[in-house]
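See structure below.
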Amino acid sequence: MSASNRISAVREHIRPLKYTLTPHADKVLTPEQRAFYEENGYFLVKKLVPEVELQKYKRRFIELAEGTVPRPITMLMMKDVALTKEGAPKATGEAAVTKIQDFQDDEVLAEYFSRQEILRYVEAFTGPDIMAMHTMLINKPPNVGESGRHPLHQDLHYFPFRPADRIVCSWTAIENVTRANGCLVVLPGTHKGELLHHGYPEWESGVNKMYHGVTDLSSGKEAPRVYAEMEPGDTIFFHPLLIHGSGANRTQGYRKAISCHYASSFCEYVDVKGTLQEEIAKEVEEIAKRKAGGMEVPFQAVWQIKGRLVKGNEGTMA
């Protein structure tokens, strides 16, 4: 079969294309990659980000965790709940910080979400006008136990903008990511469903702030669990309705990854009052209020503050 016939056959098999955009996807995705994402809601690109850049991000994380460089006022640094319990061993620096969230104003880490090798893939899902909306560097230190897990969840739970199909996450391994140290686990095909109810799981180990999980997984019970073991630089792209999570780090080393959620700059904000997202909106607004010294910050404004245009036209999201 010729190349053109093979492409036509693949497109016929997956038609109509819903989750990737023509012609943008054709510039970077093979027909097989495009078909895989349409069916499964994710795909992996090996060694996308150079090792030298990963080491720069890792050094910056340690500098921020140790307090040797200034932290932007918009940045949120998080500790695992296990480290805050009475009698917990004292942890400092890299061992104490489990997540840096909202690094859009850090000059070093912000380079990640503007990387052209990432954006050329992102455009296949968002189109050419791209906003970086949510940034994280996630660290799983070896000293926190089972509370270092992230329950199975859908990222759209946190986002007050739509359509979901024009949102995508890039998640890049900084260090080796294995089942032993808490790799991502995904439920393929669950991106085809709806946004589900989320809440805090009842774990004896405790649950980290904002680590919500799907409360009823019956809709995804038929989906197999795929464990995404990755090498440094490997990058997984996935849909915001894909159910996924991560395990605990049961090794003596660290597990770091860096990520960004992107959206088309022509997405629209939605009112989440009276919806499944109302409770998470209240939680986010309370955190924003504390950071703003008691000033009320609406849910939509939180996202407008941290969103950054990285390519194309400004659109409706600013």
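Please read all numbers here as calculations on a predicted model, not as lab measurements. All values below come from the heavy atoms of this structure, side chains included, with hydrogens, waters and symmetry mates left out. Just so you know, residue 1 is the first one in the sequence shown, and it goes up from there.
- The pair Glu175-Lys256 meets the salt-bridge criterion, since a charged nitrogen lies less than 4.0 angstrom from a carboxylate oxygen.
- In this model, no donor atom of one side chain and acceptor atom of the other lie less than 3.5 Å apart for Asp216 and His197.
- Electrostatic pairing of Asp106 and Arg71 does not count as a salt bridge here, judged by no charged N lying under 4.0 Å from a carboxylate O.
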* Asked: Would Ile258 and Met136 satisfy side-chain contact (heavy atoms from CB on, under 4.5 Å), going step by step from the backbone distance to the final call?
  -> CA-CA 6 Å; Ile258 188 168; Met136 296 184 293; over 6 Å; no

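- Taking the six-membered ring where the residue is Trp, the centroids of His198 and His153 are separated by 6.0 Å or more.
- Looking only at side-chain heavy atoms (C-beta outward), Gln104 and Thr74 come within less than 4.5 Å of each other.
- Note: Tyr269 and Trp303 fail the aromatic proximity criterion, with ring centroids not under 6.0 Å apart.
- Side-chain atoms of Arg34 and Thr20 include a donor-acceptor pair closer than 3.5 Å.
- The pair Arg308-Asp105 meets the salt-bridge criterion, with a side-chain N (NZ, NE, NH1 or NH2) lying under 4.0 Å from an Asp/Glu carboxylate O.
- Within 6.0 Å of the NZ atom in Lys46, the count of heavy atoms belonging to other residues, nucleotides or ligands exceeds 12.
- Look at Glu279 and Lys282 and you find a salt bridge, because one of the NZ, NE, NH1 or NH2 atoms lies within 4.0 Å of a carboxylate O, short of that distance.
- Minimum heavy-atom separation, Gly233 to Leu54: N-CD1, 3.2 Å.
- Between Lys289 and Glu286 no salt bridge is recorded (no basic side-chain N to carboxylate O distance below 4.0 Å).
- Note: Phe237 and Tyr37 fail the aromatic proximity criterion, with ring centroids not under 6.0 Å apart.
- Contact check on Lys18 versus Glu38 returns no salt bridge, with no Lys/Arg side-chain nitrogen under 4.0 Å from an Asp/Glu carboxylate oxygen.
- Ring centers of His239 and Tyr42: at least 6.0 Å apart, outside the cut-off.
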* To do: Applying side-chain contact (heavy atoms from CB on, under 4.5 Å), run through Asn176 and Glu231 and close with a yes or a no.
  => CA-CA 5 Å; Asn176 283 312; Glu231 297 177 321; 4.1 Å; yes

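- The neighbour count for Arg290 CZ, taken as heavy atoms of other residues, nucleotides or ligands under 6.0 Å away, is above 12.
- The distance between the ring centers of His244 and Phe238 falls below 6.0 angstrom.
- Salt bridge Glu268/Arg162: absent, no basic N to carboxylate O contact under 4.0 Å.
- When the shell of 6.0 Å around CD of Glu194 is examined, it contains 12 or fewer heavy atoms from other residues, nucleotides or ligands.
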